[in-house]
Amino acid sequence: MNFRKEGDHIKNNVNSSGLLDEFEGTVQGHRDGHGFVQRDDGEADIYLPPNEMRAVLHKDRVKARVVRQDRRGRPEGRVVEIVERPEQPIIGRLLHEGGIWLVAPEDKRYGQDVLIPKGATGPAKVGQVVVVQLTEPPALFGQPVGRVKEVLGEIDDPGMEIEIAVRKYGVPHEFSAECLAEAKALPEKVRPADKKGRVDLTDIPLVTIDGEDARDFDDAVYCEPAKVGRGKGWRLLVAIADVSAYVRTGSAIDIDAYDRATSVYFPRRVIPMLPEKLSNGLCSLNPEVERLCMVCDMLVAADGEIYAYQFYPAVMFSHARFTYTEVAAILGNTRGPEAAKRKDRVKDLLNLADVYKALLKQRGKRGAVDFETTETQIICDDAGRIEKIVPRTRNEAHRLIEEAMLAANVCSADFIAEGKHPGLFRVHEGPTPEKKEILRGYLKAMGVGLSITDDPKPGEFQAIAEATKERPDAQQIHTMLLRSMQQAIYTPFNSGHFGLAYEAYTHFTSPIRRYPDLLVHRVIKAILTKTRYQLPMLPTPGEAHAKLAKRLASRVKAPTNKPQKATIAPTKEVLAWEAAGLHCSANERRADEASRDVEAWLKCKYMREHLGEEYGGVVTAATTFGIFVTLDAMYVEGLVHITELGGEYFKFDEMRQELRGERTGIRYAIGTRVRVQVSRVDLDGRKIDFRLVREGEDLTTRAMKDKGATSGGVPVKASAKRGSRHKAEAATSDQRAERSTAAVAAGPQSAMQAFKSAVKKAANKMKGRKPRRG
């Protein structure tokens with residue numbers, strides 16, 4: 001919601017002459033009129049002062065050079081040439097000021113208003129949200145000029161945040177006429193001719209297990225005990241909707257699906273990759289209807305090893321539509337009311353639970369990274385406003401399906417590699433050398449007895465997580481472990497999946513909502529029929545691909561882990577697969593950004609109703625300019641600027657990822673508990689600001705004791721300091737409750753007076769010293 005980096009991304013990277021050669025990059029605007037150029041070569045980003053930002057726009061492709069360092073030591077550059085100005089609509093509110101029409105961009109990174117000539121406003125009215133097409137670019141002494149292309153409506157209209165996001169991020173949200181016509185011509189149900197050459201699984205009691213609000217069902221599962229080798233085990237069937245049976249390569253539906261690359265999920269609305277007739281109808285594994293599917297049929301040994309597998313096209317009949325909640329209840333009590341309603345399926349669910357436990361053991365043996373994180377769900381009313389934000393709880397049924405899908409995905413990757421056919425792998429590489437060094441330094445500074453090797457394995461991360469899970473700062477340590485890892489991408493070059501500890505991994509299980517899965521299905525079918533799948537001549541991926549292609553290129557390389565059996569030569573065919581992988585990776589990021597933007601908008605609107613209210617929270621990030629705090633009750637994050645932390649100088653410790661007060665020694669790190677007041681909400685900027693209202697006695701007391709003073713300011717011995725620290729860390733929940741009760745008993749007025757008095761005293765002591773401004 002708030003930008004986590006205010007100049008932190010710009011590092012000192014100037015050569016000995018003080019200048020760098022010209023380079024190309026993308027302009028990234030800031031909300032204060034400043035900006036920076038994100039370099040294509042991955043080197044440090046270059047700061048652009050306000051005068052340089054006047055003639056360029058956010059997202060412009062430019063050629064730039066470094067000319068000096070600014071006062072803060074950042075490399076400062078100037079734009080030499082505008083290489084490309086992408087066709088980008090600007091969304092904002094139409095204003096009429098002093099006889100002049102203009103649009104104030106909703107995305108403040110554009111930095112300047114767009115002038116609208118008289119007669120170019122169309123049907124738009126003052127205050128409405130509009131989409132503007134530029135007719136004249138900005139110049140050093142002139143603002144950009146444009147015309148109103150589309151009127152979205154009033155700012156408070158239900159769903160306006162989604163309308164803005166899909167245009168802001170360029171998410172395709174309307175199917176082409178050709179695509180809709182092609183979908184309309186498809187049959188309503190599976191026809192006898194469609195079953196030709198398929199295995200009939202209609203008598204196998206496959207079932208779907210999804211969330212309560214799911215509308216499209218990609219996968220169905222079934223499990224039964226089986227002899228595996230000389231021992232016992234299970235036969236596990238994972239049946240996945242056969243989208244490739246209906247979406248022909250290069251067809252109108254295929255072109256639209258490729259352009260989208262993924263479904264985009266917003267609160268109360270989904271922008272699907274496929275038309276509804278396919279996503280919710282013909283391809284969805286709805287209960288008690290026949291559906292075409294691709295099956296991964298596996299034999300799983302008692303220790304969780306996949307002993308053998310096979311793929312084949314089939315026709316299935318879903319015998320039940322379960323929810324995660326229902327399955328968890330049945331597994332928790334096989335004699336309960338939920339089990340009584342589904343007594344015919346209880347035995348099958350117990351078999352699924354057994355194979356899940358075996359697969360989970362194997363996951364532990366591999367050393368796969370498995371951190372517990374809290375995901376949230378926004379509950380909206382009919383008008384689209386937030387009613388509440390609740391944590392998403394993952395039960396046994398969620399994990400059961402997850403392990404079954406992981407098994408099918410691993411088999412898919414192995415099948416493609418063994419078949420020596422180009423395809424897309426889901427690659428997650430280990431941490432970069434820079435991130436390894438940062439993590440090592442952090443673990444040492446935090447006194448963690450374990451570290452990572454030069455060539456770390458996932459098990460090393462999991463071992464650190466397990467060893468520190470009982471520590472008070474466990475959340476901080478686990479967050480740093482996660483941040484040290486890279487993002488996963490799609491690529492034809494298999495270098496394994498670090499987080500899951502697989503030598504080869506891909507996505508096979510969600511072809512209704514992910515284009516890479518559809519491509520994997522086509523490749524598997526080609527291997528089965530001993531043919532070769534050729535990627536179609538699809539439209540160029542557009543801006544999202546161009547933006548990420550060069551930045552991802554350094555990560556899409558030959559295997560860096562264990563050498564793979566199938567080595568793919570960099571032919572034209574492989575380069576085409578690489579482009580497809582980059583496109584899908586870029587659009588996956590685009591979907592995530594758009595979803596986060598909508599959630600941030602909704603949270604800002606929600607928090608506007610709570611201005612001035614106080615909440616307990618926990619620090620989720622520390623930076624040079626302040627701390628980010630997530631509220632306990634609402635799961636909303638906001639910024640406490642460094643100027644709100646008190647009248648002393650705070651220094652950012654990069655190694656420990658914390659802010660430390662120079663005078664008191666008080667520390668704010670990930671996991672620190674604080675109490676804050678909601679002080680400001682900026683809807684356009686998606687920013688929420690908090691004010692620290694009570695620092696917590698335990699923090700201040702502990703910090704002062706660490707610095708060698710008692711509450712009365714008398715120095716104490718080192719041994720006493722250690723004892724005090726241990727007592728502070730061992731404070732029970734009862735003691736914390738007593739402190740809270742005492743604060744409440746004192747009354748809000750007296751507590752506030754005491755707070756003001758403390759601030760005043762600190763300010764008097766700090767006269768003559770400038771507080772840190774970030």
K.L.:
Cation-pi check, Arg39 to Phe23: give yes when NZ or CZ is under 6.0 Å from the six-membered ring centre and within 45° of the ring axis, no otherwise.
P.N.:
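The answer is yes, since Arg39 meets both limits relative to Phe23.
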K.L.:
On the ring face of Tyr515, is Arg260 found with NZ or CZ under 6.0 Å from the centre and within 45° of the axis?
P.N.:
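No, Arg260 does not sit over the ring of Tyr515.
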K.L.:
Is it true that Phe508 and His521 have ring centroids separated by less than 6.0 Å?
P.N.:
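Centroid separation for Phe508 and His521: below 6.0 Å.
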K.L.:
So do the side chains of Arg596 and Asp592 get within less than 4.5 Å of each other, counting heavy atoms only?
P.N.:
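Yes, their side chains come closer than 4.5 Å.
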K.L.:
Counting C-beta onward and ignoring hydrogens, is there a side-chain heavy-atom pair between Arg426 and Ile489 closer than 4.5 Å?
P.N.:
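Contact flag for Arg426/Ile489 side chains = no.
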K.L.:
Between the side chains of Glu224 and Lys347, is the shortest nitrogen-to-carboxylate-oxygen separation below 4.0 Å, so that they form an ion pair?
P.N.:
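No.
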K.L.:
Give a yes or no on whether the ring-centroid distance for Tyr502 and His497 is below 6.0 angstrom.
P.N.:
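Ring-ring flag for Tyr502/His497: false, centres at least 6.0 Å apart.
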K.L.:
Are the side chains of Ile255 and Cys179 in touch, meaning some heavy atoms are under 4.5 Å apart?
P.N.:
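Result no, sub-4.5 Å side-chain heavy-atom pair not found.
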K.L.:
Mark yes when over 12 heavy atoms from residues, nucleotides or ligands other than Glu212 sit less than 6.0 Å from its CD; otherwise mark no.
P.N.:
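Atom CD in Glu212 is packed in, count exceeds 12.
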K.L.:
With a 4.5 Å cut-off on side-chain heavy atoms, are Leu201 and Leu237 touching?
P.N.:
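With C-beta onward as the side chain, the pair touches.
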K.L.:
Cation-pi between Arg399 and Tyr356: NZ/CZ under 6.0 Å from ring centre and within 45° of the ring axis?
P.N.:
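Cation-pi check for Arg399 and Tyr356: fails.
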K.L.:
Is the closest side-chain heavy-atom distance between Tyr505 and His428 below 4.5 Å?
P.N.:
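Heavy-atom side-chain distance check fails, nothing below 4.5 Å.
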K.L.:
Let me confirm one number: the CG-CG distance from Leu352 to Leu331, rounded to the nearest 0.5 Å.
P.N.:
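Output value for this atom pair is 8.5 Å.
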K.L.:
Can a donor-acceptor pair be found between the side chains of Lys436 and Ser484 at a distance below 3.5 Å?
P.N.:
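On atom types as modelled, these side chains do not qualify, holding no pair under 3.5 Å.
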K.L.:
Just list the side-chain donor-acceptor pairs under 3.5 Å for residues 263-274, sequence neighbours left out, or say none.
P.N.:
{"unit_1": "Ser263", "atom_1": "OG", "unit_2": "Met273", "atom_2": "N", "d": "3.0"}
{"unit_1": "Arg268", "atom_1": "NE", "unit_2": "Asp381", "atom_2": "O", "d": "3.3"}
{"unit_1": "Arg268", "atom_1": "NH2", "unit_2": "Asp382", "atom_2": "O", "d": "3.1"}
{"unit_1": "Arg269", "atom_1": "NH1", "unit_2": "Glu163", "atom_2": "OE2", "d": "3.0"}

K.L.:
For the pair Tyr490 and His583, evaluate ring pair (Phe, Tyr, Trp, His ring centres under 6.0 Å) and give the outcome as yes or no after the intermediate values.
P.N.:
CA-CA 9 Å; Tyr490 295 106; His583 170 70; over 10 Å; no
K.L.:
Count the heavy atoms of every other residue, nucleotide or ligand shown that sit under 6.0 Å from CZ of Arg532, and state whether that count exceeds 12.
P.N.:
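Result for CZ/Arg532: enclosed.
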K.L.:
Determine all donor-acceptor pairs shorter than 3.5 Å in which one atom belongs to a side chain in residues 288-296; sequence neighbours excluded.
P.N.:
{"unit_1": "Glu290", "atom_1": "OE1", "unit_2": "Lys195", "atom_2": "NZ", "d": "2.8"}
{"unit_1": "Glu290", "atom_1": "OE2", "unit_2": "Lys195", "atom_2": "NZ", "d": "3.3"}
{"unit_1": "Arg291", "atom_1": "NE", "unit_2": "Gly281", "atom_2": "O", "d": "3.2"}
{"unit_1": "Arg291", "atom_1": "NE", "unit_2": "Leu282", "atom_2": "O", "d": "3.2"}
{"unit_1": "Arg291", "atom_1": "NE", "unit_2": "Ser284", "atom_2": "O", "d": "2.7"}
{"unit_1": "Arg291", "atom_1": "NH2", "unit_2": "Gly281", "atom_2": "O", "d": "2.9"}

